[in-house]
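Chain letters run A, B, ... following the sequence lines, proteins first and then strands; every chain starts at 1.
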2 protein chains.
Amino acid sequence: MGDDTSQRLLDAAEMLFAEHGFVQTSLRAITTLAHANLAAVHYHFGSKDELTRAVFVRRLKPLNEERLARLTVLENSGGPVTVEAVLTAFIEPSLQLRRAGVQGERFTRLLGRAQLEPSEALRDFMNEQYAPVLERFQRTLVQTLPELSPVDIHWRLCFTLGALSFAYAGALWAWLPFKVREVGDERWLQQQLARFLTAGLRAPPLEKEVDMAV
Amino acid sequence: MGDDTSQRLLDAAEMLFAEHGFVQTSLRAITTLAHANLAAVHYHFGSKDELTRAVFVRRLKPLNEERLARLTVLENSGGPVTVEAVLTAFIEPSLQLRRAGVQGERFTRLLGRAQLEPSEALRDFMNEQYAPVLERFQRTLVQTLPELSPVDIHWRLCFTLGALSFAYAGALWAWLPFKVREVGDERWLQQQLARFLTAGLRAPPLEKEVDMAV
DNA sequence: TCCCCATTCAAACGCTTGTTTGAATTATCC
DNA sequence: GGATAATTCAAACAAGCGTTTGAATGGGGA
């Protein structure tokens with residue numbers, strides 16, 4: 001089975017995408033790093049776009065599946081469904097991926113970038129991957145936070161994902177005058193994130209004012 | 001003065017960058033849209049990279065200057081410096097830019113992308129632009145939120161910028177089953193953002209636990 | 001009117017890109 | 001072991017890229 005070559009291509013692509021971006025990474029760089037022939041990409045995946053999608057599917061699908069699984073467990077546990085618990089069901093699997101090794105860390109760095117990507121094809125693909133998960137989490141949060149409207153929750157989930165992505169991408173680490181570079185403890189970051197986002201999600205809704213069109 | 005051509009080039013570049021991304025936008029597309037000659041870019045800016053930087057400087061510099069100005073006014077007003085007020089000093093100028101027209105909206109859509117950009121040159125440039133502003137806001141928040149450590153505040157500012165960027169980029173709008181597409185009221189979004197982020201920044205710090213390395 | 005400087009222009013440069021092709025090689029099964 | 005399919009390979013393709021060049025063009029001061 002040429003699965004071996006496929007895996008090597010995916011690994012190489014993931015690594016180079018994280019390092020240099022999607023567009024800037026050439027198939028020649030990928031195949032060289034993977035010790036494969038240039039034509040191997042088209043043989044195994046069909047095109048560069050499909051390779052890109054495959055890179056995401058490989059890790060994002062299990063990731064989102066675990067998020068949903070955890071949410072289901074939480075809802076079926078019978079206990080009260082807190083905001084923290086819902087948030088943890090969403091965040092923890094990705095943190096776990098990061099702790100798993102360099103590959104996981106690299107991959108999470110890609111996730112935020114992919115969502116802001118200008119390429120309509122990739123963005124549509126990401127939406128397709130995230131939509132069911134976000135809808136599901138939204139439905140749960142609507143019940144957990146009955147004082148908020150679904151639109152409120154939609155946007156707050158949007159903010160949540162943004163904060164998460166920036167944290168993973170390590171954006172803006174450099175500006176800090178003193179050293180935080182060795183973030184080291186991912187668990188600490190997770191707690192910091194959960195603290196921030198829980199408070200944000202729990203914030204009281206806007207008072208109705210002026211004319212609300214939405 | 002060829003200023004006219006320069007401006008048209010900047011406008012065209014900004015528009016195409018927002019639409020298709022930095023790398024995907026060719027100088028030929030830019031100069032065609034700007035009704036300029038291909039060589040005009042190198043004549044007026046020197047290279048594509050410098051054109052890119054110029055696109056950002058044109059709007060980001062005034063934007064960050066106004067942020068700092070508002071913060072200064074706030075601090076000199078004598079009244080109590082609340083988290084909301086600090087946050088507003090940071091957010092409002094960008095919202096104002098968005099309300100100003102399509103160009104402003106397009107530009108803010110670029111901002112998030114630029115921070116997650118893999119190109120080290122552009123990322124360094126963005127850090128250079130943001131560093132003084134974020135440091136300044138951090139210093140103020142350290143006093144406003146004395147129960148938080150500077151590192152806490154650093155990360156929460158990071159989350160803040162992430163949420164802001166995602167909101168501006170309109171990332172993940174598509175997943176919502178019902179229609180929110182016509183966000184319409186930017187003011188409403190601003191309030192929603194401020195509500196969320198204020199609560200996040202105000203969240204109590206993590207309890208010291210286990211061994212804290214950072 | 002002439003000159004000079006800033007600007008514009010068409011054309012070409014060398015290089016890299018994703019993709020295709022058809023033959024060579026390797027593995028699989030009867 | 002020979003046929004059949006799966007996989008790899010080197011080579012070439014056309015197209016697009018950022019950049020450079022050197023001549024043409026334009027308007028303003030002497």
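If you check every strand for non-hydrogen atoms under 4.0 Å, B:Thr25 touches sugar and phosphate atoms only. B:Ala39 comes within 4.0 angstrom of a nucleotide base, judged by non-hydrogen atoms across all strands.
The cationic atom of A:Arg67 (NZ for Lys, CZ for Arg) lies less than 6.0 Å from the six-membered ring centre of A:Phe90 and within 45° of the ring axis. Taking the centre and axis of the six-membered ring of B:Phe196, the NZ or CZ atom of A:Arg156 falls outside the cone set by 45° and 6.0 Å.
Looking at the side chain of B:Leu38, the nearest of the listed nucleotides D:dA12, C:dA11, C:dT8 is C:dA11. Side chain of B:Ser47, nearest nucleotide from D:dA12, D:dC9, D:dT19: D:dT19. If you check C:dT7, C:dG18, D:dA6 against the side chain of A:Lys48, the one that comes closest is C:dG18. Taking the side chain of A:Tyr43 as heavy atoms from C-beta on, and the options C:dA6, D:dT7, C:dT19, the nearest nucleotide is D:dT7. The listed nucleotides are D:dG18, C:dT8, C:dG18; the one nearest the side chain of B:His42 is D:dG18.
In this entry the distance linking NE2 of B:His44 with P of D:dT20 reads 16 Å, nearest Å. Rounded to an integer number of Å, the gap from A:Leu27 CG to D:dA11 P is 19 Å. Whole-Å rounding puts the B:Phe45 CZ to C:dA6 P distance at 17 Å. In this entry the distance linking CZ of B:Arg8 with P of C:dT7 reads 13 Å, nearest Å. One atom, CG of B:Leu16, and another, P of D:dG18, lie 12 Å apart when rounded to the nearest Å. Protein atom CG of B:Leu9 is 13 Å distant from nucleotide atom P of D:dG18, rounded to whole Å. Separating the CD1 atom of A:Ile30 from the P atom of C:dT16 is a distance of 17 Å, rounded to the nearest angstrom.
If you check distances only, the side chain of B:Arg28 never reaches the base of D:dG16 with a donor-acceptor pair under 3.5 Å.
For A:Asn127 (side chain) and A:Asp124 (main-chain N/O), no donor-acceptor pair under 3.5 Å exists by modelled atom type.
B:Phe125 has its ring centre no less than 6.0 Å from the ring centre of B:Tyr130.
The side chain of B:Thr5 places no N or O atom within less than 4.0 Å of a non-bridging phosphate oxygen (OP1 or OP2) of C:dT7. Under 4.0 angstrom from either OP1 or OP2 of D:dC17 there lies at least one side-chain N or O belonging to B:Ser26. Between D:dT7 and A:Asn37, no contact under 4.0 Å exists linking OP1 or OP2 to a side-chain N or O.
At least one side-chain heavy atom of A:Phe159 sits less than 4.5 Å from a side-chain heavy atom of B:Gln192.
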